[in-house]
Amino acid sequence: MINEDILFSFGADLRTFDAEDIIFSEGDVPAFFFLIVEGKIKINNYNEAGKEFIQGILLKGHSVGLSSLFLSKNYPVNAVAEIESEVIRLPKAHFFEILKKHPEVYSDIIPFMAEHMHYKFLMMQSMAFHNPSDKLLTLMNYLKLHHEDKSQYSLQIPLTRQQLASLTGLSVETVIRVIKNMEKTGVLKIQNRKIFY
DNA sequence: ACATTAACCTTTA
DNA sequence: TAAAGGTTAATGT
């Protein structure tokens with residue numbers, strides 16, 4: 001995404017988050033630009049009953065909470081490290097200095113934000129017109145779109161049943177029931193509990 | 001720690 | 001009102 005040297009020359013530092021560490025919480029005032037160097041960070045919310053909804057899972061090269069930096073609004077979500085993660089952190093004001101002096105950086109961040117909007121549009125539509133198998137198919141098709149090998153069963157879904165459920169608003173049991181039916185109809189394969197799509 | 005199963009309950013087409 | 005999906009709880013890997 002963004003050239004790391006530019007970030008460091010503008011005062012960025014490198015921070016390590018352990019699994020379960022919180023990068024920021026819902027309601028916090030956005031104060032930093034974050035770029036993942038290594039690791040996995042999830043963006044989530046909890047409903048009234050405490051059920052988790054995963055808004056997205058971010059990996060190496062992705063920015064965390066980027067869109068909120070352009071708004072004078074608090075974070076609408078939490079960002080939590082799923083595994084130990086290395087993150088470049090730069091104060092918001094310095095980030096905007098970069099944008100001023102190096103406007104080329106916009107052409108790095110706009111496609112990234114557009115990609116996220118694309119994911120949101122896809123998921124919103126299948127969530128709204130519910131139907132569990134459509135929701136899971138939309139999610140898996142999205143994953144497959146970003147996977148090199150497009151042939152059948154080539155993608156091992158890198159998510160647990162619980163994560164699939166949290167990403168689609170379904171219960172784990174429904175995810176299990178639906179993927180079993182999908183295996184029966186040949187849409188996917190299950191090998192020692194791993195899903196191949 | 002994650003996945004499965006089953007019995008039961010609630011909501012929806 | 002039957003079917004679909006969620007809840008609970010016990011059990012398996």
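Keep in mind the model is a prediction, meaning the values are calculated, not measured. Every heavy atom of this structure was used, including side-chain atoms; hydrogens, water molecules and symmetry mates were not. Residue numbers begin at 1 in each chain, while the letters A, B, ... track the order of the sequences.
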Is the count of non-hydrogen atoms from other residues, nucleotides or ligands lying under 6.0 Å from A/Lys150 atom NZ greater than 12?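 Yes, NZ of A/Lys150 has more than 12 neighbouring heavy atoms, counting only those of other groups under 6.0 Å.
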Without decimals, in angstroms, what is the distance between [X] [atom1] and [N] [atom2]?
| X | N | atom1 | atom2 | value |
| --- | --- | --- | --- | --- |
| A/Ile190 | B/dT4 | CD1 | C1' | 11 Å |
| A/Asn181 | C/dA3 | CG | P | 15 Å |
| A/Leu164 | C/dG5 | CG | C1' | 17 Å |
| A/Gln162 | B/dT4 | CD | P | 13 Å |
| A/Lys194 | B/dA3 | NZ | P | 7 Å |
| A/Ile195 | B/dT4 | CD1 | P | 8 Å |
| A/Ile176 | C/dA4 | CD1 | C1' | 16 Å |
| A/Leu159 | B/dA3 | CG | P | 10 Å |

Looking at A/Val64 and A/Leu58, what are the two nearest heavy atoms and their distance?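 That closest heavy-atom pairing would be CA-CD1, 3.9 Å.
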So what does A/Ser171 hit on the nucleic acid, given a heavy-atom distance under 4.0 Å: a base, only sugar-phosphate, or nothing?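 Result for A/Ser171 = base.
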Mind checking if A/Arg193 touches a base, just sugar-phosphate, or nothing, with heavy atoms under 4.0 Å?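 Answer is base: heavy atoms of A/Arg193 come under 4.0 Å of a base.
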Counting the benzene-type ring for Trp, do A/Phe10 and A/Phe33 have ring centres under 6.0 Å apart?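 Aromatic pair excluded; centres sit 6.0 Å or further apart.
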Taking the six-membered ring for Trp and the single ring otherwise, decide whether the centroids of A/Tyr153 and A/Tyr197 are under 6.0 Å apart.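 Between A/Tyr153 and A/Tyr197, the centre distance exceeds or equals 6.0 Å.
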Can you sort out the partners of A/Glu52 under salt bridge (Lys or Arg N to Asp or Glu O under 4.0 Å), two or more places apart, ordered by chain and number?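 For A/Glu52 the salt bridge (Lys or Arg N to Asp or Glu O under 4.0 Å) partners, ignoring immediate neighbours, are A/Lys42.
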Below 4.0 Å: OP1/OP2 of [N] and any side-chain N or O of [X]:
| X | N | result |
| --- | --- | --- |
| A/Arg161 | B/dA3 | yes |
| A/Thr174 | C/dG6 | yes |
| A/Lys51 | C/dT7 | yes |

With sugar-phosphate taken as primed atoms, P, OP1 and OP2 and all else as base, the protein-contact string of nucleotides 7-13 of chain B at under 4.0 Å (heavy atoms; B, S, -) is ------S
How would you list all residue pairs meeting salt bridge (Lys or Arg N to Asp or Glu O under 4.0 Å) that involve residues 13-32 of chain A, not counting sequence neighbours?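 Non-adjacent pairs meeting salt bridge (Lys or Arg N to Asp or Glu O under 4.0 Å): A/Asp13-A/Arg89.
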Checking A/Gln55 against A/Asn45 for the side-chain hydrogen bond (donor to acceptor under 3.5 Å, both in side chains) test, could you report, in this order, the C-alpha distance in whole Å, the side-chain angles of both residues, the deciding distance, and whether it holds? CA-CA 7 Å; A/Gln55 297 274 4; A/Asn45 292 111; 2.7 Å; yes
A/Glu173 side-chain proximity, nearest of C/dG6, B/dC2, C/dT8: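 The answer is C/dT8.
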